[in-house]
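Have a look at the structure below before the remarks.
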Amino acid sequence: MPAAGTSAKSDERRRAIMAAAIDCFAQKGFYGTTTHEIADWVGISQPYLYRLYPNKQALFAAAVDHVSGVMTETLVTHSPASGGAGPASEQALDAARGAYAALVADRNILRFLMHANCAAGEPLVGQAVRRCYAKQVDTVRRLLGDDDAVRRWFGAGMLDNVVAVLGLADIDEPWAHVLTAG
């Protein structure tokens with residue numbers, strides 16, 4: 001159901017803008033993407049885009065918040081919860097990594113997240129990136145049970161990011177095998 005004061009069409013347009021923003025920002029980053037490009041991608045005017053988002057930072061921050069929500073939903077839906085008691089099982093950690101890997105198999109999501117980290121010096125973007133990390137820490141702690149598991153998760157996730165964005169599964173080189181083993 002659409003939010004109060006909106007129509008199904010405007011909600012659909014907002015979803016299209018968010019998808020276009022994520023795709024555009026994933027390709028060229030915060031600094032290389034213009035709001036004009038995003039508006040063109042969706043087939044709307046730039047002034048209409050600015051009616052919804054007052055500036056590029058606000059749009060980018062909204063995209064970070066959106067991706068953060070998708071990440072949380074993916075982890076919660078596909079990961080067995082440990083109930084928060086005791087250390088996480090390797091099975092739970094592996095299931096969470098599998099859910100994350102499936103999400104970032106769409107390299108646009110992964111590239112977008114990397115660009116978000118790079119643009120964290122922008123005030124609104126930095127706030128959104130920190131909210132995203134805080135939400136992921138809380139989610140992973142809830143699913144895996146302790147702070148050591150959270151640190152292992154983020155360490156493994158950073159390695160998974162490098163493997164995915166560089167396409168190392170398809171590289172037949174000794175150094176790539178070291179990073180993809182396991």
Side-chain angles (χ1 to χ4, degrees), residues 1-79 81 96-143 150 153-154 157-158 160-162 164-167:
M1 173 177 235
T6 65
S7 68
K9 185 174 181 176
S10 66
D11 285 348
E12 183 179 316
R13 187 170 294 130
R14 286 177 201 275
R15 283 190 296 274
I17 291 167
M18 193 56 49
I22 291 166
D23 286 348
C24 289
F25 287 132
Q27 298 305 312
K28 294 169 58 176
F30 175 78
Y31 300 104
T33 302
T34 67
T35 54
H36 183 73
E37 290 171 297
I38 295 167
D40 280 352
W41 188 309
V42 181
I44 61 171
S45 68
Q46 191 177 28
Y48 181 78
L49 181 65
Y50 280 121
R51 282 184 44 212
L52 300 174
Y53 302 95
N55 56 44
K56 185 166 72 168
Q57 270 195 56
L59 175 58
F60 196 96
V64 171
D65 289 337
H66 173 78
V67 169
S68 178
V70 170
M71 288 171 56
T72 299
E73 182 180 325
T74 299
L75 290 173
V76 169
T77 301
H78 295 96
S79 298
R97 280 183 76 188
Y100 178 74
L103 177 67
V104 297
D106 172 357
R107 287 195 184 160
N108 274 348
I109 295 277
L110 179 55
R111 286 186 183 115
F112 172 78
L113 290 168
M114 290 179 160
H115 282 296
N117 288 332
C118 293
E122 300 296 330
L124 288 178
V125 174
Q127 290 170 8
V129 170
R130 286 186 289 280
R131 275 193 311 272
C132 178
Y133 275 102
K135 188 174 191 174
Q136 299 320 306
V137 167
D138 289 343
T139 300
V140 172
R141 183 183 295 126
R142 192 174 63 244
L143 293 172
V150 171
W153 159 262
F154 274 92
M158 293 298 171
D160 292 345
N161 289 349
V162 169
V165 81
L166 296 178

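These numbers come from the heavy atoms of this one structure, side chains and all, not from hydrogens, waters or symmetry mates. Being a predicted model, the structure only gives us computed values, none of them experimental.
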- If you measure from CG on Asp106 to CZ on Arg111, what distance do you get to the nearest 0.5 Å? 9.5 Å
- Query: Would the number of heavy atoms belonging to other residues, nucleotides or ligands and lying under 6.0 Å from CD of Gln46 be above 12?
  - Reply: yes
- Once you round to the nearest 0.5 Å, how far does CD of Gln57 lie from CD of Gln127? 9.0 Å
- Answer yes or no: is there a donor N or O on one side and an acceptor on the other, between the side chain of Arg107 and the main chain of Ala164, under 3.5 Å? yes
- Tyr31-Phe60 aromatic ring centre distance below 6.0 Å: no
- Message: Treating Thr33 as the side-chain partner and Cys24 as the backbone partner, does any N or O pair qualify as donor plus acceptor under 3.5 Å?
- Response: yes
- Note on the structure: Between Ala96 and Leu75 the two heavy atoms that sit nearest each other are O-CD2, 3.6 Å
- Item | Minimum-distance pair of heavy atoms, taken over all atoms of Val42 and Ala20 | CG2-CB, 3.4 Å
- Message: One thing to verify: whether Arg141 and Asp138 come together as a salt bridge, which I'm taking to mean a side-chain N less than 4.0 angstrom from a carboxylate O.
- Response: yes
- Message: Quick one: does any side-chain atom of Thr72 pair with a main-chain N or O of Ser68 as donor and acceptor, under 3.5 Å?
- Response: yes
- Item | Donor-acceptor pair between Gln27 and Asn108 side chains, under 3.5 angstrom | yes
- With a 4.5 Å limit on heavy-atom distance, are the side chains of Val104 and Asp160 in contact? no
- In this structure, CD1 of Ile17 is separated from CH2 of Trp41 (nearest 0.5 Å) by 14.0 Å
- Message: On a heavy-atom basis, which atom in Ala128 and which in Asp65 lie closest, and how many Å separate them?
- Response: CB-OD1, 3.9 Å
- Do the non-hydrogen side-chain atoms of Val76 and Arg142 ever get within less than 4.5 Å of each other? yes
- Message: Tyr100 and side-chain contact (heavy atoms from CB on, under 4.5 Å): which single residue from Leu110, Thr74, Val140 fits?
- Response: Leu110
- Task: Would you name the heavy atoms of Val64 and Cys132 that are closest together and state the gap between them?
- Result: CG1-CB, 4.0 Å
- Between Leu124 and Ala58 the two heavy atoms that sit nearest each other are CD1-N, 3.9 Å
- Message: Let me confirm one number: the CG-CD distance from Leu143 to Gln136, rounded to the nearest 0.5 Å.
- Response: 10.0 Å
- Query: Is there side-chain contact between Leu113 and Ile109, with heavy atoms separated by less than 4.5 Å?
  - Reply: yes
- Contact check, side chains of Arg97 and Trp153, non-hydrogen atoms, under 4.5 Å: yes
- Hey, is Lys28 close enough to Glu37 for a salt bridge, meaning N to O under 4.0 Å? yes
- So CZ of Arg13 and CG of Leu49: to nearest 0.5 Å the spacing works out to 11.5 Å
- So how far is it from Asn161 CG to Met114 CE, rounded to the nearest 0.5 Å? 4.5 Å
